[in-house]
Each structure stands twice: as structure tokens, then as C-alpha cells.
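Each remark here refers to the structure printed beneath this line.
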Amino acid sequence: MPIPAPIRRHHHITLCTGGAQEDYDFHTKVLSLKSVKKTALYDGDVPIYHLYYGNDLGEESSLVTTFPMRQSGRKARRGTGQIRWLSLSVPQSALGFWSQRLASHGFAVREASRFGERALQFQHPCGLDYELVGIADDSRKPYSNGEVPSELAIRGTHGIVVSVREHEASNEFMTEAWSGRRIAEDGRFVRYVFGDGASGQIVDFMLEPELPQASWTYGEGVVHHCAFQVDDYAAQDAVKFRLEGLGFTDTSERKDRGYFDSIYVRTPAGALFEATVSKPGGMTVDERYEQLGSSFQIPPPFAHRTQELLAYLEPLRY
Ligand SMILES: [Fe+2]
């Protein structure tokens, strides 16, 4: 029986960062992404901001979202068995601009190359590893009203790098459960792609057998998960049935995340993946396009605790 290929591309990548203001300023002022939503995590009993950054509409594969954890006091353990790097796509011709811009904001920038792609590597202020990868033909529309002009701006996600102790179990997961195609190896890296394998459709695995398991919990300084777009509920159900049929029964029920519906699976490497269906309207379900990201949105699970939530969350200037 042919294996269906329901995974389209990244939907969003979610990080546990440090202070909310530090995180907001890094993404909106340094990287010049748009703040497309300010809300709080839907899970748990202690409020944690959930900040979304992306392009004008916060479209799929443009989104980086963060849980600023410093207020909670919870720190993550870094290590393997977790997504380690976030790669974002910029035009090749913009790498020089970004190198200078990052340096002028005080970031240490290192040039690197993987699978023939040139990248600038640096760290989020909380220590998370970021890359800007130079891509010649990324047609996704960037945020158009930021400080950085469109022709130089970040297009969206390029890939993620998952740190693993060994490749075999992840290969099985990626090819049999997650409809990825293994296309290349480069030293300790293995690359999987979806669709035509363009930016936003890439997952790299990196061998790091010497490191301990990183945190699974929400804690400052670790990537929490990567979400992948599927077309509709039927595709999402097909992903869940396939996962469970293969024995990956650490798969969640469908969860309503306000702007999309999600199922989650703990992958054999330890990293958390999500298969996501966007709701009609996406980020505009609770704010008009013109107002997108301009005010805090109370997460529905906290609707009965609005005043408590607002009094608790650390101040955020925007
Ligand atoms: Fe998510």
C-alpha cells in the first residue's frame, strides 16, 4: 500500500525563551519579524506568555512562537534528543547585511555551511541557537513594514536541526510515519524533506551521541516543538492513525489552539513534533488584519481568570 504524504511544511516552531521583553525586542527589533499575536499558553495552571512572530499575516512556515519562561523561574537542560537549531531563510544577497546588522546589535556571528548552503549562526539572548541561511529563490512573502526592507527580510523558516544519539530510529520515524524523504548526508547531518524540499520543508538530524537528554518540560533555553502543516482534519487523522499503527502511541488527541488544531507526538529522538491544521482565517480569527498583534488576546482556557492573568504576567512594552 502506498504511504500517503500528508506533511506539507513547517507550520510554526516554538521555543522556550527567557524574559518576555528580551524575546520581543530580539524578534521584532533585531530580526524585524512582525508580532502577529500576543496571547498565553493554553495549557497548565500558571500563565505563560505565548508570543507569535512571522510575516504580515502570520502564515504557515513564517511563524516562530515563544514561551518566555524567565518569570516562571524554570530553566531547561540543554542536550541531545531535542530540536537544537532554528534555521530561518533570507535572500543569499542579504547575508552580508545580516552579518553587519547582527554584529551592530552585539551578537557574535559565525559563518557556516551545510548541504552547500551558507549560513550565519548566532544565539538568541537566552542562548538558543539560530541560523540565517542564504537562499536564492525563496518566494514566500516577508513582513513588509519592518525596519528591514522586504528585499533583505527573513522569508520564514528554512529548517530545524534535531540533535540525536543515533540516526536509525529517527530515519524510521521520518520516512514511515512523517512522510519525509531522506535526500542527503553531510558529515554528522542527515537531511529529510517534504514536498519539493524548499525552505520551510526541511528537517536535519545531527549526531551528538555524547550529550545527555535535553528537557522535555517548559523551561528557559530549549526548543519546545516543531509544528508541521497538514491540509485538513482527514490528513491529520491519517497522520495519527499511521503513527499509532506503527506503534508511536505517544500521540495526543486533537487540541484546539485557537488559530489552528493540533496533534502532538513524541518522536523516538525525544523531540516533540506537531501536525497542525490551520483554521479558516488563521491569525485573524480574533483580530482584524490591520490590528494583528496589537493587543493581548486572552486564551480561552483562562477566560474565567482574565484579571488574575493580566495582573500576573510580566509587563511587556510594545
Ligand atoms: Fe505548536
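Just so you know, these numbers come straight off a predicted model, no measurement behind them. The analysis underlying the following values was restricted to heavy atoms, covering all of them including side chains, and did not include hydrogens, waters or symmetry mates. Ligands are counted one by one from 1 in listed order, and the atoms in each one are counted from 1 as well.
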Near the Fe ion (ligand 1), is there an N/O/S atom from His225 that is less than 2.8 Å away? yes

Could you tell me whether the side chain of Arg305 and the main chain of Asp45 form a donor-acceptor pair under 3.5 Å? yes

Salt bridge present between Arg140 and Glu59 (N-O < 4.0 angstrom): no

Closer than 2.8 Å to the Fe ion (ligand 1): does that hold for any N, O or S atom in His224? no

Looking at Gln291, is its backbone amide N or carbonyl O close enough to the side chain of Ser294 to form a donor-acceptor pair, meaning the two atoms are under 3.5 Å apart? yes

Test item: Gln236 side-chain N/O and Ala275 main-chain N/O as donor-acceptor pair under 3.5 Å: yes

Just to confirm my numbers, could you give the angle made at the Fe ion (ligand 1) by NE2 of His12 and OE1 of Glu274, rounded to 10°? 110°

